[in-house]
Visitor: 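Quick one: this structure, given as structure tokens, is what I'll be asking you about.
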Amino acid sequence: MDYQAFKRNSQKEYLGYCELKGFIYSVQIDSDKYAVVALKNGQVEVLITYRVMHEVSV
């Protein structure tokens, strides 16, 4: 993910700040896929990606 894609993404949530990595955000990539990214000096680093599984109750 580059900075422009990060900036345009409206589905992001600020999680906090890390002295080593910078500003930490959770970003929705797809309907069920998310990433935790670090933003420092205009550079975006993907730290982890994960998928949310929706369970259907009967």
Side-chain angles (χ1 to χ4, degrees):
M1 173 180 284
D2 66 4
Y3 179 74
Q4 292 302 321
F6 171 82
K7 188 175 174 182
R8 284 191 307 269
N9 189 317
S10 62
Q11 299 297 313
K12 60 181 170 274
E13 180 180 349
Y14 176 72
L15 299 177
Y17 182 78
C18 170
E19 288 188 21
L20 295 175
K21 297 290 186 177
F23 299 97
I24 309 298
Y25 289 86
S26 173
V27 181
Q28 185 171 2
I29 299 171
D30 202 354
S31 62
D32 63 346
K33 190 173 181 183
Y34 296 81
V36 175
V37 301
L39 175 63
K40 187 172 185 180
N41 298 328
Q43 300 293 316
V44 178
E45 178 184 359
V46 177
L47 303 175
I48 62 168
T49 59
Y50 60 96
R51 187 172 304 269
V52 176
M53 310 236 348
H54 299 282
E55 184 177 326
V56 178
S57 59
V58 195

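If you read the sequence from its start, that first residue is 1, and numbering goes on from there.
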Visitor: About how many Å separate CG of Asn9 and CE of Met1, when rounded to the nearest 0.5 Å?
Guide: 5.5 Å

Visitor: State the NZ-CG distance between Lys12 and Leu39, to the nearest 0.5 angstrom.
Guide: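 Interatomic distance, Lys12 NZ to Leu39 CG, rounded to 0.5 Å: 9.5 Å.
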
Visitor: Using side-chain heavy atoms (C-beta onward) and a distance below 4.5 Å, is Phe23 in contact with Leu15?
Guide: no

Visitor: Does Lys21 use its side chain to pair, donor to acceptor, with the backbone of Cys18 at less than 3.5 Å?
Guide: no

Visitor: What I want to find out is whether Glu45 reaches Lys40 closely enough, with some N-O distance under 4.0 Å, to be called a salt bridge.
Guide: no

Visitor: Do Val46 and Ile29 share a hydrophobic cluster (ILVMFWY, side-chain heavy atoms under 4.5 Å, transitive)?
Guide: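 Different clusters.
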
Visitor: Name the orientation class of the two ring planes belonging to Tyr25 and Tyr14 (parallel below 30°, tilted from 30 to 60°, perpendicular beyond 60°).
Guide: perpendicular

Visitor: Between Asn41 and Gln43, is there a donor-acceptor pair closer than 3.5 Å when you use the side chain of the first and the backbone of the second?
Guide: no

Visitor: Within this structure, what is the OH-CD distance for the pair Tyr34 and Glu13, rounded to the nearest 0.5 Å?
Guide: 10.0 Å

Visitor: Is a donor on one side and an acceptor on the other found under 3.5 Å between the side chain of Asp30 and the backbone of Lys33?
Guide: no

Visitor: Out of curiosity, Leu47 CG to Ile24 CD1, how far, rounded to the nearest 0.5 Å?
Guide: 5.5 Å

Visitor: Is there a donor-acceptor pair closer than 3.5 Å between any side-chain N or O of Asp32 and the backbone N or O of Met53?
Guide: no

Visitor: With a 4.5 Å cut-off on side-chain heavy-atom distances among I, L, V, M, F, W and Y, is there a chain of contacts connecting Val27 to Val52?
Guide: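 No, Val27 and Val52 fall in different hydrophobic clusters.
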
Visitor: Using the rule that two of Ile, Leu, Val, Met, Phe, Trp, Tyr join whenever any of their side-chain heavy atoms come within less than 4.5 Å, decide whether Tyr3 and Tyr17 are in one cluster.
Guide: yes

Visitor: Tell me the closest heavy-atom pair linking Ser26 and Tyr50, and the distance in Å.
Guide: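 Of all heavy-atom pairs spanning Ser26 and Tyr50, the closest is OG-OH, 3.6 Å.
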
